[in-house]
Every structure is written in C-alpha cells, then in structure tokens.
Protein chains: 2
Amino acid sequence: MNINKYNQIYQVLSGEIIEGVYQNQENLPSEHALVERFSVSRETVRKALNMLRENGFIQKVKGKGSVVIYDHTMDFTVSHLTSFKEIQEMKSIRYETNVVELAVYDAEDVPKVQKALGLYPKDKIWKLVRQRIHDSKTHIIDTDFFLHELMPGLNEEVAKQSTYQYIEERLGLSIAYAYKEITFEPMTAAELDLFGPVTPQYAATVKSVVYLNEAKPFQYNVSKHLASEFKFTDFSRRFTGE
Amino acid sequence: MNINKYNQIYQVLSGEIIEGVYQNQENLPSEHALVERFSVSRETVRKALNMLRENGFIQKVKGKGSVVIYDHTMDFTVSHLTSFKEIQEMKSIRYETNVVELAVYDAEDVPKVQKALGLYPKDKIWKLVRQRIHDSKTHIIDTDFFLHELMPGLNEEVAKQSTYQYIEERLGLSIAYAYKEITFEPMTAAELDLFGPVTPQYAATVKSVVYLNEAKPFQYNVSKHLASEFKFTDFSRRFTGE
DNA sequence: CAGTGGTCTAGACCACCTC
DNA sequence: AGGTGGTCTAGACCACTGT
C-alpha cells in the first residue's frame, strides 16, 4: 500500500516480530544484513529501524545491535491516534453504536469548540453524539464536532460506522496529528441518563483536537469512559531523534 | 551539550520557535536555506526537522514548507518520559517531598514488580514511597521500586531530591524508554490516610516500567494523583516514520 | 516554471562492543 | 581486529505547490 521502501521494510519486519520470527530479547539481523536482504542502501534500512524503534518494537544498542523489546502480553498502546473502530478491532470487543444526536451548529454556539478549532462565529460544525454499548450497557459516550465544510455529506449511516474511515477513504483527507488530554470529571445529568446507574459518577474524559495534513484543525472530540473500565497505555522514549 | 549537528540544530530551532522568532502558523525557512545557514548537508537538516515534527513544533506540508504549530497556550506535554522534578519546574509549582518509606525487599515479596521487571525471587529491590505536598496538602503519592544493584548508594537525601538526576548524572546510567498505564482507582485506606479527606476518593494512577539504554528494566513506578486535579496531555501523530 | 519537501544512494569516518 | 550502530556528506530523481 505504501510506496516507499523503508515503509515496506517496516511492514515486513514489524510483521515478523509480531509473528515471532524474531523473539523478544533477540537481536534483529544487523543493518548490513538487512541491506543485503532488501537490496537497499543502509540509510533506507535505518529509516525502517527508526520506525520500529519509535513504535516500541526494538531498542538499538551501540556496538551490539537491535534488540526486540516487543512483548505479546503487552497491552495495545492507544497513544498513536487510533480511532474507536480500530481500538475495538484490536481488543476484539463488539460494541453497538447508537447515534444520540447529529446536527449542525454555528461555531459561536459552542465556544470551546470555536476556540479549539480557531473558527469564525458563523462557521458551521457538525455535532455528533454516540453511545458505545456492550451487553446492553453504555461504556463510552463520544461527542464529536467536525468542520461542516469538509464533510457536508455526513449522515447517520456513516456515523454508525467509522467516521475516520469515511474521512480518509471517502473524502481522501489525511489525518496528521492530535492533542489529547485525559481528566477525571463528574458526570453531567445528561451523561448519567445515558450511562444509567453507575459508580462512581465520574467519567474518564479524553478530549482531543485533531488536525489534518496541512495543519488544519478539523475535529474536536470528547470521549467519556466509565472510570472503572478505563485504561490508557502508552510507550514513550526519553529522547527522540535519530 | 549534545555533540551531533542535527541535535544542535534542533536545539537552536526549537528555541527560536519558543522565543517567537518563528510564530505559530508561519513557515520555517526552507531546507535549502537551513542547509546554508548551518553549513550542513540536507539530510542533517532533515533530521533536525524530524525531531521538531515529532515533538509537535512543526508540520511539514508537501511542496509548501514546514509550518510552525507550536502554541504557547498549549499545556506542557507530559508524554515524553519526564521526571517529577522536571514537570514541577515546568509548572513552576513548589512541592515539598516527604519520604514515607525507603527500604530493601526481595523481589519475590512484591510479585507485581518481580514480574514487571523480570527479576529472580532473591533479587534485591529498593522500595521508596514519597508524598508530594503543596499548601500542606498531599497531591501525589509516588511509590518506586528500583533495582538495588544499580544504585546501592540510594539514601533519603537523594530520595528527597531527584532520583532521575541521580541516576543519570551520578550513576551515568541512561534512561531510554517506558511503558505507562493510566487508570482511575478508588483510594485504599492507606492512601486515604496520606491524602486526608478528599472528594472524590479516587486516585488517578499512573503505573510505569522504565528501561535503561540496553533494554534493561530498571524501575517500577506507581504515581497516585488526586483525581480531581489530574490532567495528562499528549501530542501524537497518526503515522510515524520519516 | 521554480521552489518546496520526500526518497534513495554509495561511500566515508567514528564510537562502541566482543573476541 | 572485525562487527555493530551513529553521524554526515554530495548528489540524484521524484511529486507536489505556487506563479
């Protein structure tokens, strides 16, 4: 799918690590060996290895080699901007999605969103509220605000499926990065109504602002999770860089 | 301090962005111009730009240039493995640190830690419990487990200062990466005792396993925050890679 | 068209590790 | 000494953007 060489090499190697061709704590073949195997230059191999490193598959040790640090028991790492649908498939839990609201507002009616996305007062935005239900219990309430001009054709059918898929595959837009914030907040009356009787009456709250490729803010999302079930996992490095 | 060129260039450019030499939404000089300015090759400039991109300073746009996306109003991003002391300095809040416990255990006495760090039953570990106090109120309780063999000289004085600084500056060890997990949990009786009367009686719980350069697990940390005050912020990209 | 970033190469020199 | 990864270069070709 991706046309460049280092990405293909990354796909191959990460796949082999996941399949166990290279086990945890083992060394990957040396860069020189990978150069031979893939018939590319060393810098190209190194780009693929850097991707593996950034995504928590390997750790490079000077003078020694690239050690696999991928552990199958590790929880799936949420931090790389994955959509609800993708997470759901990873965890292989089946949620039912119920669209609570889908409507168009003026940006000025929702000041937080107007400010976060840098909109003019009369810019139109979609508001989309969805319940994620499993075993006839609501686990997550997602509230999304999208720029209307970028997806005028949004409808309930799309909203029940994956909005990210729609954005990327149908509209050809490319999601680039996001700011996320996790807090613990009391549930509002409306939220309690959707969640039903739960303890505590607090929600793990993930707010995010999502940007497209050209640094264009595009989506404001508030995701409320039952606090007792919420878990966020992350892999991070102390120093970034080559 | 860092000897390689791309790191120096990164330091210079990130500093200039923070100082406002390049404003939000503006373009950075072209790669060609930066090649001239720093008298290096283009690939070296690109490595510095990639660091800026990964740390949320810029977004590169095909055929156009590198747009600054750094906003001063943005909260400090915690996700890159920063120590408590570093966070405290960023936020310029003065906490007092109180050492509740500092003792040596056998790994088998703390099975969770033994498993997370992959230890033998009789391996020795430090247990260190610290309260972070501000305005005579406890805001954070940090519980740390360290490999004893790597820092036999740990003492209460060091524990009151920064353990990371001690590890990196005194011991010359290099912290590489960590796995983190955030959950919201009811406070235990012992925690309630340290926190005092608070509402809600929930703690934002950050558990992490920290690794040194050679993929050696080294520290297990549980950080309990008052849920009502807790905020975790993160910057993430959908696709990594060059 | 010229300017921009994206990819890739072949080779060089270095620092570190192991034997 | 020989293997490993880390840094850096000079140049090439491409795809995309703007005019």
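What you see is a predicted model; the values in this text were computed from it and never measured. Order of the sequence lines sets the chain letters (A, B, ...), proteins ahead of strands, with each chain counted from 1.
A/Arg53 places no side-chain N or O within donor-acceptor distance of the main-chain N or O of A/Ala48, the cut-off being under 3.5 Å. Looking only at distances, a side-chain donor or acceptor of A/Asp123 sits under 3.5 Å from a matching main-chain atom of A/Tyr120. With A/Gln219 contributing its side chain and A/Val210 its backbone, the two residues share no donor-acceptor pair below 3.5 Å. With hydrogens and angles disregarded, a donor-acceptor distance shorter than 3.5 Å links the side chain of A/Asn155 to the backbone of A/Glu157.
Between B/Glu54 and B/Arg237 there is no salt bridge, since none of the side-chain N atoms of the basic residue sits less than 4.0 Å from a carboxylate O of the acidic one. Using a 4.0 Å cut-off between charged nitrogen and carboxylate oxygen, B/Glu31 and B/Arg46 count as a salt-bridge pair.
Atom P of nucleotide D/dG6 and atom CG of B/Asn7 are separated by 14 Å, given to the nearest angstrom. At whole-Å resolution of the value, CG in B/Asn27 and P in C/dG3 are 16 Å apart. Across the protein-nucleic acid pair, A/Leu52 atom CG and D/dG5 atom P stand 13 Å apart, rounded to whole Å. Per the geometry, CG belonging to A/Leu34 stands 10 Å off P belonging to D/dT4, to the nearest Å. Taking atom NE2 of residue B/His32 and atom P of nucleotide C/dG6, one finds them 17 Å apart after rounding to whole Å. Summarising the geometry, the separation between CG on B/Leu28 and P on C/dG3 is reported as 19 Å, rounded to the nearest angstrom. In this structure, the CE atom of A/Met51 is 14 Å from the P atom of C/dG6, given to the nearest Å. One atom, CZ of A/Phe38, and another, C1' of C/dT7, lie 17 Å apart when rounded to the nearest Å.
For D/dT9, the OP1/OP2 oxygens have a side-chain nitrogen or oxygen of B/Thr44 closer than 4.0 Å. Dashed line: the shortest gap from a side-chain N or O of B/Ser41 to OP1 or OP2 of D/dC8 is not under 4.0 Å. Considering only side-chain N and O atoms, A/Tyr6 lies under 4.0 angstrom from the phosphate OP1 or OP2 of C/dT7. Phosphate contact (OP1/OP2 of C/dG6, side-chain N/O of B/Lys60, threshold under 4.0 Å): present. In this structure, A/Lys5 reaches the C/dT9 phosphate: one of its side-chain N or O atoms is under 4.0 Å from OP1 or OP2.
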Letter per nucleotide, 5' to 3', of nucleotides 14-19 of chain C [B base touched, S only sugar-phosphate touched, - untouched; heavy atoms, 4.0 Å]: --BSS-
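Side-chain atoms of B/Asn50 and B/Tyr10 form no donor-acceptor pair, as typed in the model, at a separation below 3.5 Å.
Checking D/dT4, C/dG5, D/dC8 against the side-chain heavy atoms of B/Ser66 singles out C/dG5 as nearest. Between D/dT9, C/dC8, D/dT4, one nucleotide has an atom nearer to the side chain of A/Glu43 than all others, and that is D/dT9. Comparing C/dT7, D/dC8, C/dC8 by their nearest atom to the side chain of B/Arg46 picks out C/dT7.
Mapping A/Arg42 and B/Pro29 onto DNA chain C by nearest heavy atom places B/Pro29 closer to the 5' end of the strand.
In this structure, A/Phe232 has its ring center under 6.0 Å from that of B/Phe232.
Counting heavy atoms of neighbouring residues, nucleotides and ligands inside a 6.0 Å radius, atom NZ of A/Lys112 does not exceed 12 of them.
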Bracket notation of DNA chain D in which parentheses pair within the strand, [ ] cross earlier pairs, and | pairs with another strand (Watson-Crick or G-U, under 3.5 Å): |||||||||||||||||..
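A ring pair (Phe, Tyr, Trp, His ring centres under 6.0 Å) with B/Phe218 holds for exactly one of B/Tyr211, B/Tyr177, B/Phe146; it is B/Phe146.
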